[in-house]
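Convention: sequence-line order gives letters A, B, ...; per-chain numbering from 1.
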Number of protein chains: 2
Amino acid sequence: MKLTSKGRYAVMALVDLARFDNINPVSLRDISLRQGISLDYLEQIFSKLKKNEIVKSIRGTQGGYVLNKNPKEIKLTNIFNAVDEKVKTVQCKKESKRGCNGKATKCITHNLWDELEIHINTFFENKSLKDLLNNSKETRV
Amino acid sequence: MKLTSKGRYAVMALVDLARFDNINPVSLRDISLRQGISLDYLEQIFSKLKKNEIVKSIRGTQGGYVLNKNPKEIKLTNIFNAVDEKVKTVQCKKESKRGCNGKATKCITHNLWDELEIHINTFFENKSLKDLLNNSKETRV
DNA sequence: TCTAATCTTGACCATTTTAGTCAGGTATGT
DNA sequence: ACATACCTGACTAAAATGGTCAAGATTAGA
């Protein structure tokens, strides 16, 4: 059960963006340097964030990205959904009508995994970018 | 962020075992058939569960596995630890002394990932096999 | 004592996912 | 014109996943 770096990077990059996004757009190059994330990889990630209307882009010199919403409105859920970082505890979810494994019954631990998913997703729904900003000073070890 | 089937199977198998473990040991073959899990794969899983003293084995004909503890004492945490299903949100945890990425500072979202880990682990620590048993009747869809 | 059921161990492997890289573009401010 | 940025799609090495396969050791019961 682990978080992929795509999801982690997306959040890191957005926190970085939010901190420097006062007037001017922030370039991926700057984020890349500050956060130590590959520029090419960041471009993939921001492409998705843009499709999901979390950021806006400004092309050309002095261009970059800008948040498309108030940090308070951007929940972790939105970010993770955008980059396909989903919480998956069961495989049997897809077959909506039927039970698990094609049987007519739910597997005996099905309820548990559902509970777990909800538990994790609740965490994601209750955290916004704004919450993270308040807590994002690089703390010395 | 997903649960691996090793962890899922381990829990399913133990719930199954607990339900049928009244007097006689339960064979992996039976669990395999009831839960639809490959026998060979179950053997790998139970080898780890045994090392972690969650189950005991009885060899030979009429042999099988038996719980080694009261279901109330077996938490999800124990099961997941046994089969190496760990919750990992950051990679930078290993370098204990230093910060993240070899820097002297924590990455800006470090606290977030720590919180998330704790949130998930709390769930695992508060669920025992006994809790699952009460809720494990195969429910019709 | 033979045999079938069962646990035990370790090697092996195909597929999928991850975490990127690379190579080109296109738009735009100066 | 040109440098700076975004944009897009193809490609790939390495790791993890989800197993299979083979061979052996134990033991109950006929």
Axis deviation across the helix from C:dT1-D:dA30 to C:dT30-D:dA1, five-pair ends, to the nearest 10°: 10°
The salt bridge (charged side-chain N to carboxylate O under 4.0 Å, His left out) partners of B:Lys48 (sequence neighbours excluded) come to B:Asp84
Are [X] and [Y] close enough that some pair of their side-chain heavy atoms sits under 4.5 Å apart?
X: A:Phe80; Y: A:Leu3; value: yes
X: B:Leu28; Y: B:Glu43; value: yes
X: A:Leu129; Y: A:Leu67; value: yes
X: B:Tyr65; Y: B:Ser57; value: yes
X: B:Met1; Y: A:Glu85; value: yes
X: A:Phe123; Y: A:Lys127; value: yes
X: A:Glu125; Y: A:Lys75; value: no
X: A:Arg8; Y: B:Trp113; value: yes

Should we count NZ of A:Lys86 as having more than 12 external heavy atoms under 6.0 Å? no
When you match B:Tyr65 and A:Leu39 each to their closest nucleotide on DNA chain C, which lands nearer the 5' end? B:Tyr65
Identify, between A:Asp40 and A:Ile58, the residue whose nearest nucleotide on DNA chain C lies closer to the 5' end. A:Asp40
Within residues 42-54 of chain A, residues whose heavy atoms come under 4.0 Å of DNA chain D: A:Glu43, A:Gln44, A:Lys50
Think B:Ser38 has a side-chain N or O under 4.0 angstrom from the OP1 or OP2 of D:dT20? yes
Whole-Å distance between D:dC6 P and A:Leu17 CG? 10 Å
Could you list, one pair per line, each protein nitrogen or oxygen that sits under 3.5 Å from a nitrogen or oxygen of nucleotides 13-18 of chain D, together with the distance?
residue, atom, partner, partner atom, Å
D:dG18, OP2, B:Ser5, N, 3.0
D:dG18, OP2, B:Ser5, OG, 3.1
D:dG18, O5', B:Ser5, OG, 3.3

Establish, from distance only, whether the side-chain atoms of B:Lys72 and B:Ser128 form a donor-acceptor pair under 3.5 Å. no
For the pair B:Glu53 and B:Asn68, evaluate side-chain hydrogen bond (donor to acceptor under 3.5 Å, both in side chains) and give the outcome as yes or no after the intermediate values. CA-CA 6 Å; B:Glu53 297 174 342; B:Asn68 198 19; 5.4 Å; no
Span of DNA chain C engaged by chain A, first through last nucleotide within the 4.0 Å heavy-atom cut-off, is C:dT18 to C:dG29
Which value, rounded to the nearest 0.5 Å, describes the distance between A:Gln62 atom CD and A:Asn24 atom CG? 7.5 Å
Rounded to the nearest 0.5 angstrom, the OG-OH distance for A:Ser32 and A:Tyr41 is 13.5 Å
Between protein and nucleotides 28-30 of chain D, what N or O pairs are separated by less than 3.5 Å?
residue, atom, partner, partner atom, Å
D:dA28, N3, B:Thr61, OG1, 3.4

Would you classify A:Val55 as touching base, sugar-phosphate or nothing, given that sugar-phosphate means primed atoms plus P, OP1 and OP2, and contacts are heavy atoms under 4.0 Å? nothing
Pair A:Ile31, A:Phe46 - check side-chain contact (heavy atoms from CB on, under 4.5 Å), show working. CA-CA 11 Å; A:Ile31 297 179; A:Phe46 272 76; 4.0 Å; yes
